[in-house]
Amino acid sequence: MERAIVIEKIRRSSPAFPADFKPSDKNQMEVITSLLTHNPKERPSSSELMKSGKLPLPLESETIRRAITSIADSNSPYLEKVLSAIFERQIEQAKDYTWDMAPSNAPVLPDPNDADLMRQYLVKDTLISIFRRHGAVEAPTSHLHPRSSHYGPEVFQVLDRDGTVLQLPYDLVMGHARSLARSKNSPVVQRSFSFGSIFRNRSGGGKPNVIGEVDFDIVSTDALDLALKEAEVIKVLDEITMTFPVTTSTTMCFHLGHSDLLNVVFDFCGIPSGARRAAAEILTHLNTQHTWQKVRSELRAPDVGIPATAVDELQRFDFRGKNNAGM
């Protein structure tokens with residue numbers, strides 16, 4: 001009789017479920033209620049239920065999810081086996097063949113000829129002479145280090161056999177900074193320079209974008225002479241500009257990436273403190289990869305959340321084009 005009463009209540013236009021029926025997931029109640037609708041046309045079909053996302057995960061998907069959770073644990077006994085299986089995979093011939101190919105929408109740069117290589121040598125030799133006039137010596141930098149949270153998604157990442165996520169140089173600054181951090185109790189090179197390649201991840205996979213870079217550093221351990229050393233760095237840039245004919249006859253614009261200057265700009269524009277790191281990362285793409293319109297949309301995105309008025313004020317500090325301000 002109790003069973004008959006329960007079924008009778010469920011068959012009502014507004015189903016009444018037993019008091020002891022307490023599903024752990026609200027989706028269960030919604031699915032059952034929709035299937036008990038008196039009008040058959042209003043009941044969801046099996047395909048609609050599959051697409052609704054309200055059904056529990058199939059056994060296979062649940063198994064995979066648990067396996068991923070287990071592998072993500074660095075102490076998992078399965079991690080080493082999974083990594084070994086990954087590194088033992090055979091490289092697909094198609095991926096090997098297309099690795100060096102540029103994307104279809106990217107310009108194809110010809111390989112450097114003898115004249116190009118000679119020009120690169122002369123430019124490098126000239127830069128070295130300028131750096132040495134300021135007492136700098138060439139210092140090696142690390143080309144591979146663990147993934148740093150200081151960089152965004154454009155970092156080219158690799159995985160070693162121990163499961164450590166590494167990154168190729170995004171710039172030549174990080175390698176030098178890590179070297180300085182390790183030499184706490186030993187003397188450091190006050191003035192140094194280095195040449196190298198930096199890498200950018202390429203959407204769609206394949207070989208990363210490689211860019212040549214030169215880094216000139218002056219290490220300061222005393223805040224009293226910091227301004228003097230910063231002025232010397234600007235003097236080095238001025239000497240480089242005046243040395244090469246192509247830069248002497250061209251209007252040049254120096255971009256100062258000083259954190260104090262950036263914070264002053266952010267204070268003036270009213271950029272929230274929690275969004276400043278993301279804003280600084282987005283602004284680095286201005287006029288190199290994105291236009292201001294694209295940068296503006298990224299600054300206004302929900303995950304960054306910079307107010308429109310603050311973005312308007314920030315745009316006033318874009319001095320990359322022609323301007324009459326004596327900056």
Side-chain angles (χ1 to χ4, degrees), residues 1-74 76-79 81-83 85-86 89-90 92 94-95 98 103-106 149 152-155 157 159 165 201-206 272 274-275 277-279 281-282 285 289-312:
M1 190 62 188
E2 292 178 357
R3 177 176 179 272
I5 294 174
V6 169
I7 294 176
E8 179 186 357
K9 291 181 179 180
I10 291 177
R11 286 176 174 175
R12 294 175 182 174
S13 57
S14 296
F17 294 94
D20 58 347
F21 179 67
K22 297 178 180 179
S24 58
D25 189 350
K26 67 176 184 179
N27 288 335
Q28 295 180 14
M29 183 69 76
E30 293 178 1
V31 170
I32 294 174
T33 302
S34 64
L35 293 175
L36 292 173
T37 303
H38 283 205
N39 187 351
K41 296 181 179 180
E42 296 179 0
R43 299 171 193 165
S45 64
S46 57
S47 59
E48 290 174 341
L49 283 176
M50 292 294 292
K51 297 177 181 179
S52 67
K54 296 181 180 180
L55 296 181
L57 292 173
L59 179 61
E60 294 80 2
S61 299
E62 180 67 17
T63 302
I64 293 174
R65 185 186 65 80
R66 292 179 179 177
I68 293 175
T69 303
S70 177
I71 294 172
D73 183 6
S74 59
S76 172
Y78 305 105
L79 179 60
K81 295 181 179 179
V82 172
L83 291 174
I86 291 175
R89 289 177 55 192
Q90 297 295 323
E92 299 178 17
K95 291 185 177 180
T98 59
S104 57
N105 58 349
S149 59
E154 293 183 344
V155 170
Q157 304 177 65
L159 187 69
V165 180
N201 187 41
R202 196 172 68 186
S203 59
R277 183 171 181 176
E281 173 67 24
I282 294 172
H285 303 157
Q289 302 174 25
H290 301 326
T291 62
W292 177 258
Q293 183 178 3
K294 175 65 174 177
V295 168
R296 182 184 181 88
S297 64
E298 292 183 357
L299 293 173
R300 294 282 294 128
D303 55 339
V304 181
I306 297 180
T309 55
V311 177
D312 292 339

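Along the sequence shown, the residues carry numbers beginning at 1.
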Engineer: Quick check: do Pro44 and Lys51 have side-chain heavy atoms less than 4.5 Å from each other?
Structural biologist: no
Engineer: If you compare all heavy atoms of Glu48 against all heavy atoms of Arg43, which two are closest, and at what distance to 0.1 Å?
Structural biologist: OE1-O, 4.3 Å
Engineer: Minimum heavy-atom separation for Val155 and Asn201, please, with both atom names.
Structural biologist: O-CB, 3.6 Å
Engineer: Restricting to pairs with a member in residues 293-310, which pass salt bridge (Lys or Arg N to Asp or Glu O under 4.0 Å), not counting sequence neighbours?
Structural biologist: Arg296-Asp312
Engineer: In chain order, what residues pass the salt bridge (charged side-chain N to carboxylate O under 4.0 Å, His left out) check against Glu30, with sequence neighbours excluded?
Structural biologist: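 For Glu30, the residues satisfying salt bridge (charged side-chain N to carboxylate O under 4.0 Å, His left out) (neighbours in sequence not counted) are Lys54.
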Engineer: Residues two or more places apart in sequence or in another chain: which of them pass side-chain hydrogen bond (donor to acceptor under 3.5 Å, both in side chains) with Ser47?
Structural biologist: Ser45
Engineer: Table please: side-chain donor-acceptor pairs of residues 1-19 below 3.5 Å, with sequence neighbours left out.
Structural biologist:
none

Engineer: Provide the closest heavy-atom pair for Val31 versus Ser34 in the form atom of the first, atom of the second, distance.
Structural biologist: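 Reported closest heavy-atom pair: O-OG, 2.7 Å.
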Engineer: Checking Gln90 now: which residues fulfil side-chain contact (heavy atoms from CB on, under 4.5 Å) with it, not counting sequence neighbours?
Structural biologist: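 Not a single residue meets the side-chain contact (heavy atoms from CB on, under 4.5 Å) criterion with Gln90.
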Engineer: Nearest heavy-atom pair of Val304 and Ala275: which atoms, and what distance?
Structural biologist: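 Minimum heavy-atom separation between Val304 and Ala275: O-CB, 3.6 Å.
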Engineer: With Pro307, which residues qualify under side-chain contact (heavy atoms from CB on, under 4.5 Å), at least two apart?
Structural biologist: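 Listed in chain order: Pro272, Thr309, Ala310.
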Engineer: Roughly how far, to the nearest 0.5 Å, is the CD atom of Gln293 from the OG atom of Ser297?
Structural biologist: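 Going from OG on Ser297 over to CD on Gln293, the span is 7.5 Å.
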